[in-house]
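Here the structure is laid out as structure tokens; the discussion comes afterwards.
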Amino acid sequence: MNLRAILVSCALALVLACDKPQSPGTPQSSGAAPTGSANLAKLMKDRNLSEADVTAALKTYTPSGRRDEYLLFASGGHSGQLLVIGVPSMRILKYVAVFTPEPWQGYGVGDKGSQEVLKEGYRHGKPITWGDMHHPALSETKGEYDGEFIFVNDKANPRIAVINLKDFVTEQIVESKLIEADHGGAFVTPNTEYVIETSQYAAPLGGAYADLKEYNEKYRGAMTFWRFDRAKRRIIPEESFAIEFPPYMQDLADSGKLTSDGWAFCNSINTERATGGVLEGNPPLESGASQNDMDYMHIVNWRKAAEVAKTKSKVIAGMRVIPLQVAIDEGLLYFVPEPKSPHGLDVTPDGEDLVVGGKLDTHATVFSFKKIQALIAAKKFEAKDPYGVPILPFAEAIRGQVELGLGPLHTAFDGDGNAYTSLFIETKVAKWNVKELKLVEKISTQYNIGHLVAAEGDTVAPKGKYLVAMNKWALDRFNSVGPLLPQNFQLIDLTGEANGGKMQLLYDLPIGLGEPHNAQIIKADKIKAWDIYKPVGLDAITKEKSPFTVEGGKERVERKGNVVDVYMTAIRSHFTPDVVRVKEGDKVRIHLTNLEQAHDATHGFAVNSYNINASLEPGKHTEIEFTADRPGVFPMYCTEFCSALHLEMAGYFLVEPKKK
Ligand code: CUA
């Protein structure tokens, strides 16, 4: 039975059910027929819902207690946090703390482990309290999401974070001192050997100073390959490397897969090398950067580069860098022209084709990896760029172009050979057939779609079914909340069910914490997250039992000189000890273990005036270190409503003043 038939029979069943009074005590599943006089038709009329609206509701509504089939991991933009959203319900499940302090998770708010992770991301030692998260990348095995890790980038302060999906905790942040901004990241290679981070705005490598007059000579871009060690759950900077690029603005990247495994690709804009300077008599950057008809797609042999980096790289700002000339000589880097100011670059699921969105062009251009390889093998270059990088002939490198509409940006794929390209200016999604290069249909989005994401749509095995449009403008979609509007995620059904085979817009989800750029959708059953920390005393960052774990009955306070070690436990509904006495100026180390092993039995631990709030999930051990520099009486209490005696789960932290 198709959805339309189900809808009609549901409506009928509801109408019939409503005619009969229900016997008292009849068990009702949630979402069943209302017991009052309302029936579906009346409800539809009262709420001004069309049949299409009700169909959309049936496709997304998820009764209480039911779980979503997919999880959407979306960047949280300026917030520096990562969103986790259920699909199709579009319920927000979590904001994972990544680049910025997050109070609820106790991230960077007193907890030593997370403070140290945040510190890894300080820029030249300077605290950074925001992020510009753009592109999440789930870890992959053989080109498929494996549900183990997710990596995200910060465009503003070039950083990559590693988040463990066992507990959705950020375990590591690496900061690139080589470049000053990134955009082509995070993207992983098909077995997560490397996490790719590509620069955007050229600058002297390693943070040096050079005037813009020396732009051509001294400014550079780079593609960094951060080595990920899955067993260690960490990026290993010493085993990572980068390739020096000319000073264009490198843009979005993708790594090859299957046929094109071992290669990586990124777009570039501003091959004009405009630097702006409107008050100095130069054209504005954006018009200076839009003069050429073509920019250059960068084609990188990363597998060979990993070998070359061992012997022919030089270390800049702690990173092994393959100089541009070495990359050219060793055949690691090639260019192919791509239509003016491109944006998205997406490799097809079979790894055969590379789809580039034209942005200022109306086409998606489909490059053939095999043709590119044949041209490289035959050394068939049409020219070299000013830095000597060989340029392949455009016409011989493409399989074709497909006219889609105004402002094509990004492309996602389903499992049936279709591609979905966002059209920013036209504010639509264009569905097209990859093999035939033929437009199938378009659907409007509200408004001005940027990235779009289909279920596992950038892997070797896309699932289709759902697509989420990440729109840049909301305008009239929601109640007014002032001049700063939320972003709008729109869920689109790709199945065509109960909609004449066409795409259907199902749901709008306002995002009110920053501008999400990209996202990925994974089958929910691939995520094997823990319910609790086990054994008791596990450290969330190291994923090992903390050497400071406190056992029940062994709570104590130890003083050595002016260092006070407090060995504390939490269990419903008390902290032991619940009174801590120190002296002004003491260094205090609270070793705090939540002894609970019951699902969801989370406590919090706050100390007034000291900016401390730890989240104590069941079994978790937390280290809190601070100097008791302010004398006084400071209530400490549990910040999660854990039990009937939650309010009583409290105590005193007493700091005795120094004797004058
Ligand atoms: Cu423990 Cu509230």
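In listed order, ligands and their atoms are each counted from 1.
- Looking at N153, V174, I173 one by one, the single match for side chain to side chain contact (heavy atoms under 4.5 Å, CB included) with R159 turns out to be I173.
- The number of protein N/O/S atoms found under 2.8 Å from atom 1 (Cu) of ligand 1 is 4.
- The stretch residues 601-612 participates, sequence neighbours left out, in no salt bridge (charged side-chain N to carboxylate O under 4.0 Å, His left out) pair at all.
- Listed by first and then second residue, the salt bridge (charged side-chain N to carboxylate O under 4.0 Å, His left out) pairs involving residues 475-491 amount to none (not counting sequence neighbours).
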Acceptor/donor pairs from residues 91-105 side chains to any protein atom, 3.5 angstrom cut, sequence neighbours excluded:
from	atom 1	to	atom 2	distance (Å)
R91	NE	S89	OG	2.9
R91	NH2	R66	O	2.9
R91	NH2	D68	OD2	3.4
T100	OG1	S79	O	2.6
E102	OE1	W104	N	3.2
E102	OE1	Q105	N	2.6
E102	OE1	Q105	NE2	3.2
W104	NE1	E640	OE2	2.8
Q105	OE1	A97	N	3.2
Q105	NE2	Y95	O	2.5

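- Minimum interatomic distance between N164 and E148 (heavy atoms only, all atoms of both residues): OD1-O, 3.7 Å.
- Contact check for F73 versus I527: side-chain heavy atoms found under the 4.5 Å cut-off.
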